Protein chains: 2
Amino acid sequence: MGHLHEDMREIAQCGLPSALEVMGERWSFMILRASFNGIRHFEDFQGQLGIARNILSNRLHRLVENGILKREPVPDDRRRVEYRLTEKGIDLLPTLVALRQWGEKYSARTQSSLTIVDARDRKPIAPIRLHAADGRPLRYEELDWEESEKVGK
Amino acid sequence: MGHLHEDMREIAQCGLPSALEVMGERWSFMILRASFNGIRHFEDFQGQLGIARNILSNRLHRLVENGILKREPVPDDRRRVEYRLTEKGIDLLPTLVALRQWGEKYSARTQSSLTIVDARDRKPIAPIRLHAADGRPLRYEELDWEESEKVGK
DNA sequence: AAAAATCGGTTGCGATTCGCCACCTAGTAA
DNA sequence: TTACTAGGTGGCGAATCGCAACCGATTTTT
């Protein structure tokens with residue numbers, strides 16, 4: 001009694017848990033951001049993030065095994081290896097940007113360093129928000145939650 | 001040498017670290033999602049998420065002290081306490097949805113339970129993506145990174 | 001009025017995970 | 001042939017996680 005949504009039990013899987021399985025680990029988002037910034041090599045990740053080498057090694061492997069980064073040796077120099085974003089990794093950009101914008105909105109320090117701009121007019125992109133299926137932006141008050149059991153589509 | 005972006009050193013703070021300080025901890029996003037689903041009470045969070053009580057207690061306090069949730073006693077029953085989203089917490093919805101949509105796109109299991117719909121036509125919201133300042137949606141290829149030192153605005 | 005249940009925690013304690021530091025191997029440069 | 005670089009791995013103490021038991025303040029039930 002008192003439950004708003006009676007029939008959801010325990011987890012109500014919504015894709016969040018599976019997303020967090022990888023991205024919920026410490027450093028994952030920071031590594032991802034570095035990747036978007038063009039970082040590709042182990043030593044560069046390490047230097048830029050200040051992360052311990054064993055942790056970095058572990059995270060890179062987990063990101064690779066989850067298809068977010070791909071690891072490929074550099075032909076010219078067989079010591080070196082490149083970690084680059086896959087399409088799956090690139091698809092995390094909206095999440096990353098939303099998180100970053102939120103952090104910037106609520107932290108004292110002004111935004112800094114690289115910002116993402118529209119290549120056309122070089123103006124910064126808009127704050128990320130929710131949109132209706134037809135593209136109309138939606139405010140929080142215009143939303144509702146619906147129980148969609150229909151797995152079909 | 002070899003650096004794509006010479007002048008950014010070490011961290012290149014972008015609001016991400018400050019965002020992750022709270023939301024990077026285990027369970028934070030799951031708790032947030034439960035909040036959006038209407039969960040407000042300790043026991044309900046615990047039951048729904050299956051999280052250990054001490055961890056839950058710790059996370060709730062951290063979310064409160066960071067202004068994401070507010071904790072207020074229930075007048076009618078002085079045993080009970082309510083944890084509710086603040087505006088700052090509500091502002092995390094785009095991040096949460098983006099993460100969830102990504103998880104759903106790349107995990108086998110179909111989406112489930114509560115989905116967010118446009119209250120007007122009750123159709124599910126659109127996938128989250130980046131938009132230009134004028135509202136035009138942007139593809140990844142249309143983006144560029146710019147060094148914006150100008151703190152002014 | 002007394003006993004039982006509920007709610008929101010806290011405390012111990014073992015199991016993981018994190019993070020610093022040293023070290024190692026293959027490949028390249030001097 | 002010696003030195004250096006890139007990308008790791010291993011040991012070990014410190015911090016965090018998670019289970020289970022317990023607790024104090026309040027209702028609820030009997």
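Sequence lines set the chain letters: A, B, ... in the order given, protein chains first and strands last, and positions in each chain run from 1. No experiment lies behind these values; they were computed from the predicted model shown.
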- prompt: So Y140(A) and W145(A), would you call those rings parallel, tilted or perpendicular, with 30° and 60° as cut-offs?
  reply: perpendicular
Whole Å only: how far is the [atom1] atom of [X] from the [atom2] atom of [N]?
X: L49(B); N: dC17(D); atom1: CG; atom2: C1'; result: 15 Å
X: Y83(B); N: dC7(C); atom1: OH; atom2: C1'; result: 11 Å
X: E43(A); N: dA6(D); atom1: CD; atom2: P; result: 6 Å
X: L60(A); N: dA6(D); atom1: CG; atom2: P; result: 16 Å
X: I31(B); N: dG18(D); atom1: CD1; atom2: P; result: 11 Å
X: I39(B); N: dC7(C); atom1: CD1; atom2: P; result: 13 Å
X: H61(A); N: dG7(D); atom1: NE2; atom2: C1'; result: 10 Å
X: Q46(A); N: dA6(D); atom1: CD; atom2: P; result: 12 Å

field: H41(A) side chain near dA6(D) phosphate (N/O to OP1/OP2, under 4.0 Å)
entry: no
message: Between S57(A) and dT9(D), is there a contact of a side-chain N or O with OP1 or OP2 at under 4.0 Å?
response: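 Yes, S57(A) has a side-chain N/O under 4.0 Å of OP1/OP2 on dT9(D).
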- line: Letter by letter from the 5' end, nucleotides 13-30 of chain C scores (B base, S sugar-phosphate only, - none; protein heavy atoms under 4.0 Å) -----SBB------BS--
field: Distance (rounded to the nearest 0.5 Å) between E21(A) CD and N66(A) CG
entry: 6.5 Å
- request: May I have the step-by-step check of salt bridge (Lys or Arg N to Asp or Glu O under 4.0 Å) for R122(A) and E146(B), ending in yes or no?
  value: CA-CA 8 Å; R122(A) 310 210 65 77; E146(B) 182 146 300; 2.8 Å; yes
query: Which pairs pass ring pair (Phe, Tyr, Trp, His ring centres under 6.0 Å) with one or both residues in residues 72-105 of chain A, sequence neighbours excluded?
result: W102(A)-Y106(A)
- request: Answer yes or no: is there a side-chain heavy-atom contact under 4.5 Å between L96(B) and R33(B)?
  value: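 A side-chain contact under 4.5 Å exists here.
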query: Do the side chains of I31(A) and I39(A) get nearer than 4.5 Å, heavy atoms only?
result: no
task: Return each pair, listed once, that meets side chain to side chain donor-acceptor pair (under 3.5 Å) where at least one residue sits in residues 126-136 of chain B; pairs must be two or more places apart or across chains.
output: D118(A)-R136(B), H131(A)-H131(B), D134(B)-R136(B)
- request: Mind checking F45(B) for me? I need base, sugar-phosphate or nothing, with any heavy atom below 4.0 Å counting as a touch.
  value: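 It contacts nothing in the nucleic acid.
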